[in-house]
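See below for the structure under consideration.
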Number of protein chains: 2
Amino acid sequence: MTVDQLDPTPLWEQLAAILRERIRSGDLEPRQVLPSESQLQQEHGVARGTVRRAMQALGEEGWTVTVQGRGTFVAPRESWPKG
Amino acid sequence: MTVDQLDPTPLWEQLAAILRERIRSGDLEPRQVLPSESQLQQEHGVARGTVRRAMQALGEEGWTVTVQGRGTFVAPRESWPKG
DNA sequence: GAGAATTTGTACGTATGTATG
DNA sequence: ACATACATACGTACAAATTCT
């Protein structure tokens with residue numbers, strides 16, 4: 001699963017949706033670290049700025065927590081949207 | 001009033017604080033358009049990305065509303081923080 | 001403790017697309 | 001047709017915090 005360059009949806013939105021689904025599905029569990037920005041940028045063939053824009057969205061929605069020098073982690077379920 | 005390159009505070013935060021104060025003080029009134037990105041960039045000697053980061057913060061706080069192709073406007077007082 | 005490597009944060013530049021006047 | 005203005009996306013470089021050797 002990766003982004004589609006032909007889809008008019010912004011790449012950062014597509015990437016955010018992918019990661020959001022990985023979290024919600026349980027593929028990425030609370031307190032688990034997400035792939036690094038450089039890993040994601042290689043895996044999806046996008047620029048780091050695009051990765052960061054996606055990460056920012058996830059953080060604002062409460063899915064993830066980012067710590068400088070450590071990485072971005074899945075937030076506890078309590079802070080997830082809806083439930 | 002402009003940003004201070006020697007201040008360790010991120011430039012985008014400094015710029016956001018300046019514009020926030022201009023709004024709260026009444027220098028910029030509700031529905032009034034803010035200076036364009038290129039104007040702010042020149043006035044404060046920062047890059048477009050820095051201006052946009054400041055604008056984004058103000059928008060998320062409810063101080064401004066941005067419309068593609070039109071500009072960024074001071075939001076109605078109802079949507080301002082606190083009061 | 002020192003130094004290197006990793007990872008996120010900030011800042012800048014450029015190009016292209018989209019919407020408005 | 002042209003100018004203005006925001007949105008997205010690419011790239012680079014360096015700083016700051018953490019982790020590893």
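Lettering follows sequence order; numbering is per chain, from 1.
Looking at the side chain of W12(B), the nearest of the listed nucleotides dC10(D), dG9(C), dA11(C) is dA11(C). Nearest nucleotide to the side chain of E37(A), out of dG9(C), dC6(D), dA11(C): dG9(C). The side chain of A47(B) approaches dC12(C) more closely than any other nucleotide in the set dA7(D), dG9(C), dC12(C). You'll find that the side chain of S36(A) is closest to dT8(C), out of dT8(C), dA9(D), dC6(D).
Counting only heavy atoms from C-beta outward, the side chains of P76(B) and R31(B) never approach each other to under 4.5 Å. Taking 4.5 Å as the limit, some side-chain heavy atom of E60(A) sits within range of a side-chain heavy atom of E60(B).
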Under 3.5 Å, which N/O atoms of the protein pair with N/O atoms of nucleotides 12-16 of chain D?
from: dA16(D); atom 1: N3; to: Q68(A); atom 2: NE2; distance (Å): 3.2

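Remark: Q68(B) pairs with no residue by the side-chain hydrogen bond (donor to acceptor under 3.5 Å, both in side chains) rule, at least two apart or across chains.
Note that OG of S36(B) is 8.0 Å distant from CD of Q42(B), once rounded to the nearest 0.5 Å.
Position along DNA chain D of the nearest nucleotide to Q14(A) versus V67(A) favours Q14(A) as the more 5'-ward residue.
Members clustered with V46(B): M1(B), V3(B), L11(B), L15(B), I18(B), L19(B), I23(B), L28(B), L34(B), L40(B), V51(B), M55(B), L58(B), W63(B), V74(B), W80(B), by chain and number, using a 4.5 Å side-chain heavy-atom cutoff among hydrophobic residues.
No contact: G49(A) has no heavy atom under 4.0 Å from any strand.
For R53(B), no side-chain nitrogen or oxygen approaches OP1 or OP2 of dA11(C) to under 4.0 Å. In terms of phosphate contacts, T50(B) brings a side-chain nitrogen or oxygen within less than 4.0 Å of OP1 or OP2 of dC12(C). The side chain of R70(A) places no N or O atom within less than 4.0 Å of a non-bridging phosphate oxygen (OP1 or OP2) of dA17(D).
Residue E61(B) comes nearest to P81(B) through the heavy atom pair O-CG, 3.2 Å, listed as atom of the first residue, atom of the second, then distance.
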*Any chance you could lay out the side-chain contact (heavy atoms from CB on, under 4.5 Å) test for R48(B) and S38(B), step after step, and finish with the verdict?*
CA-CA 7 Å; R48(B) 253 191 197 84; S38(B) 64; 4.2 Å; yes
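The interatomic distance linking Q42(A) (CD) with dC10(D) (P) rounds to 14 Å, in whole Å. In this entry the distance linking CD of Q56(A) with C1' of dA9(D) reads 15 Å, nearest Å. Counting to the nearest Å, the P atom of dC12(C) and the CG atom of L15(B) are 10 Å from each other. Atoms CD (E13(A)) and P (dT8(D)) sit 7 Å apart, rounded to a whole Å. Rounded to an integer number of Å, the gap from F73(B) CZ to dT20(C) P is 11 Å. In this structure, CE of M55(B) is placed 14 Å from C1' of dA7(D), rounded to the nearest angstrom. Whole-Å rounding puts the Q41(A) CD to dT8(C) P distance at 11 Å. Between the CG atom of L11(A) and the P atom of dG11(D) there is a distance of 11 Å, given to the nearest Å.
In this structure, a donor-acceptor pair under 3.5 Å is present between the side chains of D7(A) and T9(A).
With both pairing distances under 3.5 Å, dT20(C) is matched to dA3(D) as a Watson-Crick or G-U wobble pair.
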